[in-house]
Amino acid sequence: MAQWSIKGRLIKSLIVLVGLFWISGVLIAGLVVHHEIDEVFDSALRETAEQIIPVALEDYRLEQAGSTGKSSAGRPISTRVGKGHVHYRLRAADGTILAESSAPAISPVLPVKKGFRSSGGFRYYTRYIKDRDLWIEVVQDLFERRETAIGIWISLSSPLLALLPFAALAVYRTIGRATAPISLVSSELEARGGDHLEPIQNAGLPSEIAPVVDAINTLMARLKRAIESEREFAANAAHELRNPIASARAQVQVLASRLVGSSEQARAENIASQLGQLGRRIEKLLEMSRAAAGLGHSRERSDLNVIAHLLVDEYKHRPDVDGRIHLHLANDAGCRVAMDQDALAIVLRNALENAVVHGDRDQPIDVHVGTDHAIRIVNACPPVAPETLAELKNRFRRGRAPVNTGSGLGLAIVDTIMRQADGSVTLLSPAQGRSDGFEIVLKFPAAL
């Protein structure tokens, strides 16, 4: 299911709702104003009719007195031209038009009916003149009313168009401030991990989020206790087993020396070898425990050249290495990195051991210390498949070496410490500039 944002949804919803309510308010206000305009114009139309009655009757009387008989034939008599939007008709009881104002766009003639009515774009007001048995009909073009109503609607809508962007900005900033604690808690959660499970501060958080943070803090406290118990058990177990295994191996080696020439010599030497492998695996467990405890977080300044030189000298004297490791320093003056010396030594020792165990026994191992605070360790071996290369940083994942020659923890330890130190580990196969081989590139953080 696609993810969605509370902030984005609230902003969109509120802007739409504000716009809809505002438009609805404008429409309702426009309808109310339109009704009031009709009442005002109808009142004016009634007053106009009252004012026109004496004039229309007088004009009708004068026209009849001076006529030549045309009026007796029932033909209408036109009087003064109406120059505005209001016209009148003087009608007999049977609806015959006796007199009317002259206008080019006069409204259609409707049956006589008392009161107000609308038809054909005109508004009619008809009144009965009782003492004369006549009807006065006043007609107004609705154009003026529509023009007035449209003008008022535009006046009401203009603030909407002008203020809606400001309302949207206000909604955006208000929602942004209201959801800021959620973003803060999200950032704090992203910063938490296996080595950082400190509780999140809930001071100043809204009441809706504070219980969630409290529940998360309780969960992290339980997880922290479980992880610490696991690490403590692994460290204690490895520490307690290391000395007895070393002692047992020494005794087996003594026994093997006394069984020289017998059929049991090979078995005793095999037991000593197995105890040696077990001891090395326990050492790896201790290193993994220290790495998991956050050894790489220290930013103590260390000299990369010095540590690399010491470890290469140490490995050169091992029987299974026999001087195959060659150290290449790009700068003899030193290369300072921001990493604890013990963490740096563990990283380089595991990387070198990986090259010794998995590299060809008759090919050299090259260690290049560059000026860019990086070390490249290259050993000869057949190319590693890409799918295998991608998994070598996982725990207990071994390469092409036999199962009993490696612990499967070396590169996992290297990756854990380097990530804690904000460094990086890159595995390449074939090595750069070669058609075979394996290369580890360790990029260390520079010391400030």
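This chain uses plain numbering: 1 for the first residue, then up along the sequence.
- Side-chain atoms of E137 never come within 3.5 Å of backbone atoms of V112 as a donor-acceptor pair (strictly under, hydrogens ignored).
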Would T426 and I440 count as a side-chain contact (heavy atoms from CB on, under 4.5 Å) if you check the C-alpha gap in whole Å, the side-chain angles of each, and the deciding distance to 0.1 Å? CA-CA 6 Å; T426 304; I440 301 178; over 6 Å; no

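- In this structure, CG in L348 is found 5.5 Å from CG in L311, a value given to the nearest 0.5 Å.
- In this structure, SG on C335 lies 7.5 Å from CG on D372, to the nearest 0.5 angstrom.
- Closest non-hydrogen pair, L442 versus A351, comes out as CD1-CB, 4.2 Å.
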Mind running side-chain contact (heavy atoms from CB on, under 4.5 Å) on L352 and I377 for me, showing each step along the way? CA-CA 7 Å; L352 286 172; I377 301 176; 4.1 Å; yes

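- Atom OH of Y172 is surrounded by 12 or fewer heavy atoms from other residues, nucleotides or ligands within 6.0 Å.
- The closest donor-acceptor contact from the side chain of T388 to the backbone of V384 lies at 3.5 Å or more, if one exists at all.
- The CD1 atom of I15 sits 11.0 Å away from atom CG of L10, with the distance rounded to the nearest 0.5 Å.
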Please test M418 against F444 for side-chain contact (heavy atoms from CB on, under 4.5 Å), starting from the C-alpha separation and ending with a verdict. CA-CA 8 Å; M418 291 297 288; F444 298 92; 3.6 Å; yes

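- No hydrogens or angles considered: nothing links the side chains of E47 and Q51 as a donor-acceptor pair under 3.5 Å.
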Show, in sequence, the C-alpha distance, side-chain angles and deciding distance for E50 and R127, and conclude whether the salt bridge (Lys or Arg N to Asp or Glu O under 4.0 Å) test is met. CA-CA 9 Å; E50 296 295 335; R127 179 189 168 187; 2.4 Å; yes

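- Side chains of D340 and L344 form no contact here, defined as non-hydrogen atoms less than 4.5 Å apart.
- Checking side-chain atoms of N350 against main-chain N and O of L411 turns up no donor-acceptor pair under 3.5 Å.
- Ring geometry for H368 against H328 counts as parallel: the plane angle stays under 30°, on a 0 to 90° scale with 60° as the upper cut.
- No hydrogens or angles considered: nothing links the side chains of D313 and H317 as a donor-acceptor pair under 3.5 Å.
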Hey, mind stepping through E264 and L259 against side-chain contact (heavy atoms from CB on, under 4.5 Å) and telling me if it holds? CA-CA 6 Å; E264 300 297 329; L259 295 176; 3.7 Å; yes

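- Two residues are said to be in side-chain contact when any heavy atoms from C-beta on lie closer than 4.5 Å; V109 and R89 meet this criterion.
- From Y88, atom OH reaches atom OG1 of T48 across 13.0 Å, with rounding to the nearest 0.5 Å.
- Residues K114 and T126 have side chains not in contact (no heavy-atom distance under 4.5 Å, counting atoms from C-beta outward).
- Using a 4.5 Å heavy-atom threshold, the side chains of L389 and F438 count as touching.
- Taking each heavy atom of I37 and T148 in turn, the nearest pair found is CD1-CG2, 3.8 Å.
- When side chains are defined from C-beta on, E300 does not count as touching M339, because their heavy atoms never get closer than 4.5 Å.
- The main-chain N or O of R361 is found under 3.5 Å from a side-chain atom of R324 such that the two form a donor-acceptor pair.
- Two residues are said to be in side-chain contact when any heavy atoms from C-beta on lie closer than 4.5 Å; I365 and V321 fail this criterion.
- Residues Q253 and A272 come closest through the heavy atom pair CG-CB, 3.9 Å.
- Counting only distance, with no hydrogens or angles, the side chain of T416 and the backbone of A412 share a donor-acceptor pair below 3.5 Å.
- By the 6.0 Å contact criterion, CZ on R267 is open, its count of non-hydrogen atoms from other residues, nucleotides or ligands being 12 or less.
- Across S119 and Y124, no two heavy atoms sit closer than the pair O-CE1, 3.8 Å.
- Counting only heavy atoms from C-beta outward, the side chains of I150 and E147 never approach each other to under 4.5 Å.
- The shortest non-hydrogen separation linking A431 to V378 is CB-CG1, 3.7 Å.
- Remark: the backbone N or O of Q363 is not paired with any side-chain donor or acceptor of D360 at under 3.5 angstrom.
- Of the possible donor and acceptor atoms, one in the side chain of Y315 sits under 3.5 Å from a partner among the backbone N and O of R349.
- Minimum heavy-atom separation, G323 to H326: O-CE1, 3.9 Å.
- With hydrogens and angles disregarded, no donor-acceptor distance shorter than 3.5 Å links the side chain of R222 to the backbone of L219.
- Atom CZ of R173 has 12 or fewer heavy atoms from other residues, nucleotides or ligands within 6.0 Å.
- Every residue two or more places apart in sequence or in another chain that forms a salt bridge (Lys or Arg N to Asp or Glu O under 4.0 Å) with D42 is listed here: R123, R145.
- Within a 6.0 Å radius of CZ in F143, no more than 12 heavy atoms belonging to other residues, nucleotides or ligands are found.
- Distance CG/L327 to CG/N305: 7.5 Å, rounded to 0.5 Å.
- With hydrogens and angles ignored, the 3.5 Å screen pairs a side-chain donor or acceptor of K393 with a backbone N or O of V425.
- Applying the salt bridge (Lys or Arg N to Asp or Glu O under 4.0 Å) rule to E391 yields the partners R397; only residues at least two apart in sequence or on another chain are considered.
- One distance of note links CZ of R434 with CG of L428; it measures 12.0 Å at 0.5 Å rounding.
- Applying the side chain to side chain donor-acceptor pair (under 3.5 Å) rule to pairs touching residues 176-186 yields nothing, sequence neighbours excluded.
- When side chains are defined from C-beta on, P383 counts as touching S429, because their heavy atoms get closer than 4.5 Å.
- Counting heavy-atom neighbours within 6.0 Å of R117 CZ, excluding the residue itself, gives a total above 12.
- S257 contributes a side-chain N or O that, together with a main-chain N or O of V254, makes up a donor-acceptor pair within less than 3.5 Å.
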